[in-house]
Amino acid sequence: MDTSSFKILAVETSCDETAASVIEAVRPPTSDLRKTAEVRSRMAEVRILSNVVSSQIDIHRKFGGVFPEHASRAHAEKIIPVVEKALGNVKPDAVAVTIGPGLIGSLLVGVNFAKTYAFANNLPMLRINHLLGHIYSCFANPSSPPLLKGRQGGVIPQFPALILIVSGGHTGLVLMKSHTDIKTLGETLDDAAGEAFDKVAKLLGLGYPGGPAIAAEAAKCHPELVEGSPAHAGSRTSREILHCVQDDKLKLPRPMLNSGDFNFSFSGLKTAVLYKVKELTKTYNLKPETFSAALAAEFQQAVIDILIGKTIQAAYDFRPKSICLCGGVSANKELREQLKKAVSGLPWHPLYHIPHPSLTTDNAAMIGVAAGYHLDKITTYDKISANANLKL
Ligand code: KG4
Ligand code: ZN
């Protein structure tokens with residue numbers, strides 16, 4: 001098969017975003033390629049030609065979380081228009097699809113659509129792990145064409161790469177020695193970091209999705225940054241909030257920070273916030289509006305301290321050439337900036353890669369980019385099936 005220029009339709013429906021993208025994988029002529037799949041993968045350039053995401057946030061907001069039945073139904077309604085928009089006039093050469101992990105009802109819509117499209121158009125397929133997609137989002141950059149070529153926008157991965165994946169469904173540290181040698185060093189034993197953001201936002205009454213809501217609430221603790229806010233104007237509320245920020249009675253634990261392994265646990269932190277709210281309202285007689293910003297900031301910082309602490313421990317153990325942050329929680333500005341600072345303090349100066357903001361939460365471009373790097377795994381529609389519990 002000639003893969004010198006190869007267009008892939010990518011489909012992603014693992015949770016609550018219906019997404020489709022077209023990417024173009026460009027390679028030197030076949031005669032220039034050396035034999036191993038690894039070398040061929042490294043020689044790929046991948047350009048994102050389109051990236052369409054239909055979010056279901058408005059559907060799930062009233063439930064305070066993803067309602068699986070509604071998610072599958074919305075995917076079924078949106079998949080055709082989303083794919084049509086992503087394709088435009090392009091006739092793809094292959095179809096890549098997220099086969100897991102995720103919600104089975106959601107996955108099945110994307111997988112069955114992709115298989116049907118591939119069958120009807122006689123196209124080969126690529127099955128992509130959602131987490132692999134998040135990893136490759138670190139190496140893509142949709143802002144300047146060509147989109148994934150070394151110096152001109154995207155990033156050629158430097159191995160070994162240490163990857164921190166933080167999403168709503170997963171939290172883990174991964175060591176990537178090559179495109180095909182990917183090992184999980186540790187993962188969450190209970191809730192994912194994004195799940196903790198969502199649950200804590202719910203109990204602080206901040207709405208859904210919780211990550212952006214907590215980040216916005218926490219930002220009020222830096223009144224100079226929030227123009228027009230009461231805190232910015234130096235009102236009484238501001239002094240109360242600022243007082244709270246420095247107050248030891250807000251301190252939350254950092255579970256498993258010093259556990260000596262690379263696993264995480266966020267469920268206890270969520271419970272600690274619940275007890276803290278009870279204590280502040282009942283024992284100290286404080287109104288939630290006086291401490292919610294400060295508590296959101298302390299919770300966010302606790303999560304960041306744990307994520308960065310473990311990542312830096314792993315960095316010293318494995319001495320990676322690059323450190324990458326990905327997954328929905330990588331949209332968090334504080335996390336992006338604090339990890340950047342921690343990485344820049346490492347004595348061997350690894351590279352630091354984070355996804356473009358448009359590629360942090362679920363999207364199909366990251367699935368297409370991962371597929372573009374793994375063209376050697378091309379297969380046929382009858383070998384594709386959804387797996388809700390798929391591992392990396
Ligand atoms: O990767 P993603 O879109 O879906 C999964 O694969 O799970 O991640 C969604 C998660 C949600 O839990 C959401 O609250 C979180 O990412 N998130 C954030 C931010 N934006 C989204 N968490 C913290 N800060 C943010 N700015
Ligand atoms: Zn995701």
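Counting convention: from 1, in listed order, for ligands and their atoms alike.
Of all N, O or S atoms in D362, the one lying closest to the Zn ion (ligand 2) is OD1.
For K287, the side-chain contact (heavy atoms from CB on, under 4.5 Å) partners are E289, T290, not counting sequence neighbours.
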Just list the N/O pairs, ligand 1 to protein, that are under 3.5 Å apart, with the distance for each.
| unit_1 | atom_1 | unit_2 | atom_2 | d |
| --- | --- | --- | --- | --- |
| ligand 1 | 1 (O) | H134 | NE2 | 3.1 |
| ligand 1 | 1 (O) | G328 | N | 3.0 |
| ligand 1 | 1 (O) | D362 | OD1 | 3.0 |
| ligand 1 | 3 (O) | D362 | N | 2.9 |
| ligand 1 | 3 (O) | D362 | OD1 | 3.2 |
| ligand 1 | 4 (O) | D362 | OD1 | 3.3 |
| ligand 1 | 4 (O) | D362 | OD2 | 3.2 |
| ligand 1 | 6 (O) | H130 | NE2 | 3.1 |
| ligand 1 | 6 (O) | D362 | OD1 | 3.3 |
| ligand 1 | 7 (O) | G168 | N | 2.8 |
| ligand 1 | 7 (O) | G169 | N | 2.9 |
| ligand 1 | 8 (O) | G168 | N | 3.3 |
| ligand 1 | 12 (O) | G194 | O | 3.1 |
| ligand 1 | 12 (O) | D198 | OD2 | 2.8 |
| ligand 1 | 14 (O) | D198 | OD1 | 2.7 |
| ligand 1 | 14 (O) | G211 | N | 3.0 |
| ligand 1 | 24 (N) | N332 | ND2 | 3.0 |

Check your understanding: Between F197 and F266, does a ring-ring contact (aromatic ring centres under 6.0 Å, His included) hold up when you go through it step by step?
Key -> CA-CA 9 Å; F197 267 95; F266 292 104; 8.7 Å; no

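E187 and H170 form no side-chain donor-acceptor contact under 3.5 Å, judged by distance and modelled atom types alone.
In this structure, K310 contributes its side chain and M256 its backbone to a donor-acceptor pair below 3.5 Å. Checking side-chain atoms of W348 against main-chain N and O of Y316 turns up no donor-acceptor pair under 3.5 Å.
Between H70 and F63, the ring planes are parallel. Angles under 30° get that label, and only those over 60° would be called perpendicular.
Between NE2 of H130 and NE2 of H134, the angle at the Zn ion (ligand 2) works out to 100°, rounded to 10 degrees.
One distance of note links CD1 of I163 with OG1 of T311; it measures 11.0 Å at 0.5 Å rounding.
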